[in-house]
Amino acid sequence: MMTARRPEFIDALTGIVGAGQVLSDPDCLEAYGHDEFSLKDIRRSPDLAVRPRTAAEVAAVLKLANEHGVPVTPRGGATGLCGGCVPAAGGIVLSLERMKGIVIDPANQMAEAEAGVTLIEFEKAVDEAGFNFPPHPGEESAMIGGMIVTNAGGSRAVKYGVIRNYVRGLEVVTAAGDILNLGGKLIKSSTGYSLMHLFIGSEGTLGVVTKAVIQLRAKPALTRSLVIPFETLDAAVETVPEIFRRDIVPLALEFVPLDVIRLTEAHLQRTWPSHDGETHLFVILDAASEDEMDRLSESVAEAALERGALDVFIADTAAKQDNVLAIRSRMYEALKAETIEILDVCVPRAEIPGHVKRVSEIAAKYGVWLPTFGHAGDGNVHTHLMKARYENGRFVPVPEAEWRAALEPVRAEIYADGMARGGVISGEHGIGLVKKPYLAMSLSPAQVELMRGIKRVFDPRGILNPGKIFD
Amino acid sequence: MNMIVFVKRVPDTESRIRIQRETSTVIEEGLNFVISPNDEYAVEEGLRLREAQGGKVTAVSLGGDEALTILRKCLAMGADEALLIKDDRKETYDGLRVARILAAAVRTRFADADLLLFGRLSVGADNAQVPAMTAELLGWPQATVVTRLAIEGRAGTAHREIEGAVEKVVFTLPAVVAAQKGLNEPRYETLKGIMAAKKKTIPAVAPAELGLTAEDIAPRVEVLSLETPPAKTGGRLLGGTPEEAARELVRLLRDEAKVV
């Protein structure tokens, strides 16, 4: 019998986390065997799921697992898209869902949040304290720990950066069960290597993040959303550098195709401001005053109209802004039932038109539908690999043999184009299991070998989230 | 068709309202103000009728200079003209006072109006009095809580959302119509519209210029106090195994909530 399933091992874990917090019933464990990635191919139930409440409990669990060589896969909100929290080697899933403490420190304008705090809980607490946390990776049930270890981004990264820019300190538990306090409520530190930054984006392979110190910002006085329809994708994305050239950095700057807008409208029973053209830019601006907001909007509009925008629609009430933001952020939900995988290529911003054009050529070559949209402002392009086509306003399923045959070459060709343009295969989702075979397209053997060396330092027995990022 | 749309500036429905208890007023600092959402349906309906049948849409607001912002928004949405009836009083919650002023404005400034469009009620005051009272004062037919409107020649047909049914009414113009959610989906302002709106001037009139005396515009409702509702108490989490939690839930539903 696997060590993890032995009664004495389960008893020892129960001794650490308490009765009811070690799950071994296969029906319960199934829920801990997958993330948001849609294909069943990578699912695997763990032998046990353990739900600690404190960093000390996490440390004791890891120490025990390390002694017995039992794999441990940390798990947050499981909203990932690349199988990062799937227990690929079995063993224990260490769910941080019960670690929900939040303390706001107004004087330092920072928050201390435990790993299991969800984005929506965090935003609520931050808002009530009168502050703002800009990163918004979309899915609001994502948890702080998971967002940090994937270095999550989202659409507001263009102006305010990704989560790495907000982490000031981390409490991390190593594989051996040591609790490290890295960084702190500090803006500066030139004190040795930054181990903290190694953990950000480490996908749970180096240690378990249990708590974070997070920088907050003042609330923006005003925000306004603009929806700008264009006849062509080219005209839309070519407007982007024009906006930056005017020294305007929008909070978000997204491009979205009209067919995806339409199907999301149908899915949500909401209406987008315009159905003109083929591709729309969705711009969110923030400003301190109405005058400044007007100046920014007019300048963006001028740039857009010069590039052939059909019009510029404005959402400035909370209700209208919520409406357009809901449609933009829930596009994935509308596509989800027919989505195989969401790619996450990030290219230099100026390469977006070329890359998106290449994606449509690949779609034509393989006869597949590749709805593509994303963060025009930061170069992060989300191409959706689909098991359906979209014809006359509805999904038309593609036979499984057909979409499976196209999956591999389509993915490889899109990645190849992204890399040729100086991009990376993942801008914000992480590598996990699903992108692991393609890591070598982004990183040289020397880089991967250094990463393996770092992994051995932190986790010599290889118990932490084995099989992720690289083998 | 000559249409007058009455709009009111109200705190954004998503704002958290704070109250100054001493003066029984809402603290305006930190609030965002918008056109009352029901009024926005009225503006949209006016614009759609004009686009279909021709005519003119004039947006009118009663309030201080702050109301100019929402009038400008109406112009940006496509209204032809706007008028501010300047009222230096803060919110009086006196629907009859407002109706007297608006009726006087219609008699003196818009005697040729065919249709007065209102929102069903203004968010915040929640009185739902002004449209009906204005119609009464003018002696015009009225249709309130309207979710569908058709005008043909001098006849109007409106669907009214009433408890458990939809009431269909017909009326003749001139008339008063109060819009309910569902009537339409208000358009978004466009930047071209905003730029054009900026070039327009918005005239202002004082109640005295509408033939109203100080007595006519004196409020007859006094607000004695204004209080925020008590905070919601948090829910209860039932612990234990699913079986224990279910047993406890049934017990609570039976013994405490007395619903089963």
Side-chain angles (χ1 to χ4, degrees), chain A residues 18-21 23 25 27-28 98 100 124 127-128 130 219-229 265 269-276 280 282-283 285 290-291 293-305 309-324 327, chain B residues 7 9-18 29-41 43-44 65-66 68-70 72-78 119 123 181-199 231 234 237-245:
Chain A
Q21 305 307 337
L23 309 179
D25 177 347
D27 288 345
C28 298
R98 292 173 65 225
K100 289 213 170 283
K124 185 163 176 277
D127 185 67
E128 280 169 4
K219 277 188 196 179
L222 297 167
T223 59
R224 182 181 285 178
S225 305
L226 310 182
V227 168
I228 314 177
E265 284 181 311
Q269 296 294 307
R270 285 173 180 266
T271 312
W272 187 255
S274 159
H275 298 112
D276 298 332
H280 291 194
F282 173 50
V283 185
L285 298 167
E290 285 278 358
D291 286 348
M293 185 59 92
D294 286 345
R295 189 189 69 78
L296 294 177
S297 329
E298 280 163 29
S299 196
V300 169
E302 213 175 84
L305 294 169
L310 301 171
D311 208 337
V312 178
F313 294 84
I314 294 180
D316 60 354
T317 64
K320 283 179 173 169
Q321 295 207 65
D322 287 352
N323 180 55
V324 287
I327 293 175
Chain B
V7 293
R9 171 182 176 269
V10 299
D12 194 324
T13 45
E14 298 199 3
S15 322
R16 204 174 325 147
I17 302 293
R18 290 175 303 147
E29 192 208 326
L31 287 182
N32 274 329
F33 286 86
V34 297
I35 302 177
S36 181
N38 293 314
D39 299 352
E40 224 180 336
Y41 303 125
V43 176
E44 178 64 33
D65 283 335
E66 314 82 57
L68 286 170
T69 324
I70 60 155
R72 213 164 281 290
K73 277 185 197 291
C74 294
L75 293 174
M77 282 175 79
V123 167
K181 184 175 185 174
L183 179 61
N184 53 47
E185 180 90 31
R187 68 195 59 197
Y188 286 66
E189 294 152 55
T190 66
L191 211 91
K192 288 174 186 168
I194 290 175
M195 305 299 268
K198 277 197 170 165
K199 295 195 185 106
L237 281 176
L238 304 180
T241 64
E243 290 79 10
E244 288 163 3

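Remember, predicted model here, so these are calculated numbers, not experimental data. Residue numbers start from 1 in every chain, and the chains themselves are labelled A, B, ... in the order their sequence lines are given, proteins ahead of strands.
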*Kindly state whether the ring of B/Y188 and the ring of A/W272 have centres lying under 6.0 angstrom apart.*
no

Between [X] and chain B, which part of the residue has a heavy atom less than 4.5 Å away: side chain, backbone, both or neither?
| X | value |
| --- | --- |
| A/L305 | side chain |
| A/E298 | both |
| A/L222 | side chain |

_Proximal component of B/E189, with respect to chain A [non-hydrogen, under 4.5 Å]_ = both

*Atom group of B/I35 that falls short of 4.5 Å from chain A, counting heavy atoms*: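 The answer is neither part of B/I35.
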
*For A/K219, does the NZ atom have more than 12 heavy-atom neighbours from other residues, nucleotides or ligands under 6.0 Å away?*
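Correct, the count exceeds 12.
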
*With rounding to the nearest 0.5 Å, note down the distance linking CG in A/L310 to NE2 in A/H280.*
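Reported value, rounded in 0.5 Å steps: 7.5 Å.
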
*Would A/T223 and A/Q321 count as having a side-chain donor-acceptor pair, cut-off 3.5 Å?*
yes

_Choice from A/A318, A/A319, A/G20 maximising heavy atom contacts with chain B below 4.5 Å_ = A/A318

*asked:* Exactly one of A/L296, A/V283, A/I314, A/V300 should register a side chain to side chain contact (heavy atoms under 4.5 Å, CB included) with A/R224. Which one does?
replied: A/I314

*When heavy-atom pairs shorter than 4.5 Å are enumerated against chain A, which of B/L191, B/T69, B/D12, B/N32 gives the highest number?*
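Option with the greatest count: B/L191.
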
*Identify the two heavy atoms, one from B/A245 and one from B/G239, that lie closest to each other, and give their separation to 0.1 Å.*
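Where B/A245 meets B/G239 most closely, the heavy atoms are CB-O, 3.7 Å.
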
